[in-house]
Every structure is written in structure tokens, then in C-alpha cells.
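Take a look at the structure set out below.
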Amino acid sequence: QVQLVESGGGLVQAGGSLRLSCAASGSIFSINTMGWYRQAPGKQRELVAGITTGGSTNYPDSVRGRFTISRDNAKNTVALQMNSLNPEDTAVYYCNANLRRYPSDYAREFWGQGTQVTVSS
């Protein structure tokens, strides 16, 4: 069984910062990409940041330059540093990992339970 546990969400004023963390645990053979997604009320879930095993990152234009994703491959963790937050960043943020549970497994997507980020104006 695989678990992704997020932490670090909360309420912050516009212009402030938050750091989200996610730890993957359980039966894990290897992790490919890790990332953060978010879903605001009435909107589809969208990618916020992704990172490969080698450290290559990608961001949508809406957060590039404000958000930074990082990971620790040895600890199976991924973090998201969010700066210059604005009310449009308000959403539930989900940790994602594409991983294999054992050598012959197919790579699958796993999700955390989500953590609320609220940015007040």
C-alpha cells in the first residue's frame, strides 16, 4: 500500500508565502515524476508544478517565477515553495507521484488527500 501525505497548507494574506510538503511511503520500488496539482471550487484540477527524478521541473505560466518545486529522492519527498501568493491561488493542493510498487509493476499515479490553501486579499 502506498500513501502520500501532505502538510503545510493554511491561510495566508496576499503577498505571503507557504511551503507544502509531501511524503510518499509504503510499498515503493521507484518513483518517476512527482508533482503538485490544485483544484479550486468549480474548476478542473490543474498541474501546478512537476519534477522528474533527475530534477527537471515544469510550471504553468500562472505560477512560474513564484512557485518552486523540489524533491528528495532518498526520502521520497516533494515540496512546493509558494511565494507572492494571490487570492487566485486559493485551492486544494494535491501531491502526485507516478511510481512502481515493485519491479514488474506498471507505473501508476498516486494522490495525496489534499491540503487547503487559502489566500486572503
Side-chain angles (χ1 to χ4, degrees):
Q1 189 152 351
V2 174
Q3 281 191 314
L4 273 63
V5 179
E6 301 121 335
S7 61
L11 174 64
V12 65
Q13 288 188 332
S17 299
L18 280 176
R19 183 177 178 84
L20 305 182
S21 298
C22 172
S25 63
S27 178
I28 298 172
F29 172 72
S30 66
I31 301 179
N32 302 316
T33 58
M34 301 188 80
W36 290 92
Y37 288 71
R38 68 186 180 188
Q39 187 165 20
K43 294 188 177 181
Q44 290 189 331
R45 189 174 296 190
E46 62 175 356
L47 174 69
V48 174
I51 186 167
T52 67
T53 306
S56 296
T57 59
N58 67 295
Y59 307 92
D61 290 343
S62 59
V63 308
R64 187 176 292 113
R66 300 188 298 123
F67 291 9
T68 302
I69 189 171
S70 60
R71 68 186 280 180
D72 185 328
N73 293 329
K75 296 181 178 178
N76 291 338
T77 59
V78 63
L80 183 69
Q81 178 66 40
M82 304 184 293
N83 299 328
S84 301
L85 286 161
N86 58 63
E88 290 70 39
D89 296 315
T90 295
V92 177
Y93 284 69
Y94 297 90
C95 175
N96 169 272
N98 180 278
L99 61 87
R100 290 190 291 161
R101 293 166 297 172
Y102 40 86
S104 59
D105 192 17
Y106 293 101
R108 305 166 189 267
E109 302 290 333
F110 288 84
W111 296 89
Q113 79 285 356
T115 185
Q116 178 70 46
V117 171
T118 302
V119 184
S120 63
S121 57

Which Ile, Leu, Val, Met, Phe, Trp or Tyr residues join Tyr106 in one cluster when any pair of side-chain heavy atoms under 4.5 Å counts as a link? none
Going by chain and number, the hydrophobic cluster around Tyr102 (ILVMFWY, side chain to side chain under 4.5 Å) further includes none
Could you list the residues that satisfy side-chain contact (heavy atoms from CB on, under 4.5 Å) with Glu88, not counting sequence neighbours? Asn86
Tightest non-hydrogen contact, residues Cys95 and Glu6, listed as N-OE2, 2.7 Å
What is the minimum heavy-atom distance between Ser121 and Pro87, and which atoms define it? CB-CG, 3.8 Å
Sequence neighbours excluded, which residues qualify as side-chain contact (heavy atoms from CB on, under 4.5 Å) partners of Ser27? Arg101
For Ser25, the side-chain contact (heavy atoms from CB on, under 4.5 Å) test, sequence neighbours excluded, returns Gln3
Can you tell me which residue pairs pass the salt bridge (Lys or Arg N to Asp or Glu O under 4.0 Å) test with a partner in residues 11-23, sequence neighbours excluded? none
Could you report the tightest heavy-atom contact between Tyr94 and Gly112, atom names first, then the distance? CD2-O, 3.7 Å
Run Leu11 and Gln116 through side-chain contact (heavy atoms from CB on, under 4.5 Å) and show every step you take. CA-CA 8 Å; Leu11 174 64; Gln116 178 70 46; over 6 Å; no
In Å, rounded to the nearest 0.5 Å, how long is the span from CG of Asn96 to CG of Leu47? 8.5 Å
Got a sec, which residues hit side-chain contact (heavy atoms from CB on, under 4.5 Å) with Lys75, two or more places apart in sequence or on another chain? Asp72, Thr77
Applying side chain to side chain donor-acceptor pair (under 3.5 Å) to Asn73 and not counting sequence neighbours gives Arg71
For Asn98, all residues meeting side chain to side chain donor-acceptor pair (under 3.5 Å), sequence neighbours excluded: Asn32, Glu109
If the condition is side chain to side chain donor-acceptor pair (under 3.5 Å), which residues does Arg45 pass it with, not counting sequence neighbours? none
Give me the atom names and distance for the closest heavy-atom approach of Ala40 to Ala91. N-CB, 3.8 Å
Determine whether a donor-acceptor pair (N or O, by modelled atom type, separation under 3.5 Å) exists between the side chain of Glu46 and the backbone of Arg38. no
Clusters formed by hydrophobic residues whose side-chain heavy atoms approach within less than 4.5 Å: which one holds Ile69, and what are its other members? Val2, Leu4, Val12, Leu18, Leu20, Ile28, Ile31, Met34, Trp36, Val48, Ile51, Tyr59, Val63, Phe67, Val78, Leu80, Met82, Leu85, Tyr93, Leu99, Phe110, Val117, Val119
Gln39: partners by side chain to side chain donor-acceptor pair (under 3.5 Å), with sequence neighbours left out: none
Any donor-acceptor pair under 3.5 Å linking the side chain of Arg66 with the backbone of Ser84? yes
